[in-house]
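Below is one structure; the comments refer to it alone.
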Amino acid sequence: QKEVEQNSGPLSVPEGAIASLNCTYSDRGSQSFFWYRQYSGKSPELIMSIYSNGDKEDGRFTAQLNKASQYVSLLIRDSQPSDSATYLCAVNGGTGGGNKLTFGTGTQLKVEL
Amino acid sequence: GAVVSQHPSRVICKSGTSVKIECRSLDFQATTMFWYRQFPKQSLMLMATSNEGSKATYEQGVEKDKFLINHASLTLSTLTVTSAHPEDSSFYICSAIAALLAGGYETQYFGPGTRLLVL
C-alpha cells in the first residue's frame, strides 16, 4: 500500500521565520517528488519538484530529499502571511504507479503577523 | 507555460441532470490528464486517468458509467457527471502532464477546478 504521510498541522510560524514542512513515503521505488500549495477553495499550485537526493533551492523555497530515509521536506524562508495555505506532498513513479501521483493529506501552514 | 484551464468554474444543477466539465491544456499537448475530486477539508482523491485516444482508467470505487471521461484530443479532456445527485457535489479538479525535457520525469499541472453543487 503506497502511502504519503504528512502532519496535518496547523503549523504556526511568525512572519519572517523559517517554516519546515515534512513528508514521509512508504514506496522505496518512488522516483519523483513534488510540493504543491493549495489555498482554501483553490486548486493545487506546483511549488517545487525534486528527483535526486539533496537540496534544491528556488527563491525562498528549499526542497530536501533523502531517499534512504524515505523523507522529503520543504523549507520556506522569510515566511510571509501570503504563504498561509495547505502544502501537499506528492510522490510519483513508485512500484506500478506510472504517472499517478500519491498525495499526502497536506499540512496547513499559518504565518502570523 | 504549462497552463491548464477548466470550464465551467462553478455549476449548480438539479438532481438527475448531467453536467459536463472541460479540461484544456492551453500551451502544451497532454497525452495524459487526470481527474480528481476533493471534498471539504479532505485531500485530493484521484478518480481516473485519461489517455488521449483510449479509454480512461478508473480508480477503485469510481463508477465509470456515472463519471464519463472523453479525451478526444491532445489538449482536451471532458468529465461528464451523469444523473448527478447531491452527494456528487464536490470540487472537481483536472491535471495534465507536461513532459520535462531533462530527466524524463513528468510533472502534473492542475486546472483551477470546477465547483459542482447538485440541488
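Throughout, protein chains are lettered first and strands after them, A, B, ... in sequence-line order, and every chain is numbered starting at 1. Because the structure is a prediction, the values reported are computed rather than measured.
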List for me each residue that meets side chain to side chain donor-acceptor pair (under 3.5 Å) alongside B/Thr32, sequence neighbours excluded, and say none if there are none. B/Asn51

Please answer: with hydrophobic residues joined when any side-chain heavy atoms are less than 4.5 Å apart, are A/Ile76 and A/Val13 in the same cluster? yes

Proximal component of B/Gln42, with respect to chain A [non-hydrogen, under 4.5 Å]: neither

Transitively linked via ILVMFWY side-chain contacts under 4.5 Å: A/Ile47 with A/Val4? yes

Toward chain B: residues of residues 36-44 of chain A with heavy atoms under 4.5 Å: A/Tyr36, A/Gln38, A/Gly41, A/Lys42, A/Ser43, A/Pro44

Measuring from A/Leu101:CG to B/Ile97:CD1, what's the distance to the nearest 0.5 Å? 7.5 Å

Quick check on the hydrophobic clustering: are B/Met33 and A/Phe103 connected, directly or via other members, by side-chain heavy-atom contacts under 4.5 Å? no

Just by distance, do the side chain of B/Ser43 and the backbone of A/Gly104 share a donor-acceptor pair under 3.5 Å? yes

I'd like to know whether NZ of A/Lys56 has more than 12 heavy-atom contacts from other residues, nucleotides or ligands below 6.0 angstrom. yes

Tell me whether B/Leu46 shares a hydrophobic cluster with B/Ile93, the cluster being built from Ile, Leu, Val, Met, Phe, Trp, Tyr side chains joined at under 4.5 Å. yes

Determine which residues belonging to residues 110-119 of chain B lie within contact range of chain A, meaning some heavy atom pair is under 4.5 Å apart, and list them by number or answer 'none'. B/Phe110, B/Gly111, B/Pro112, B/Gly113, B/Arg115

Can you tell me how far OG1 of A/Thr105 sits from NZ of B/Lys41, rounded to the nearest 0.5 angstrom? 13.5 Å

Mind checking the NZ-CD spacing from A/Lys100 to B/Gln108? Nearest 0.5 Å is all I need. 11.0 Å

Same cluster for B/Val4 and A/Leu88 if Ile/Leu/Val/Met/Phe/Trp/Tyr side chains link at under 4.5 Å? yes

Could you tell me which residues in residues 66-89 of chain B have at least one non-hydrogen atom under 4.5 Å from a non-hydrogen atom of chain A, sorted by residue number? none

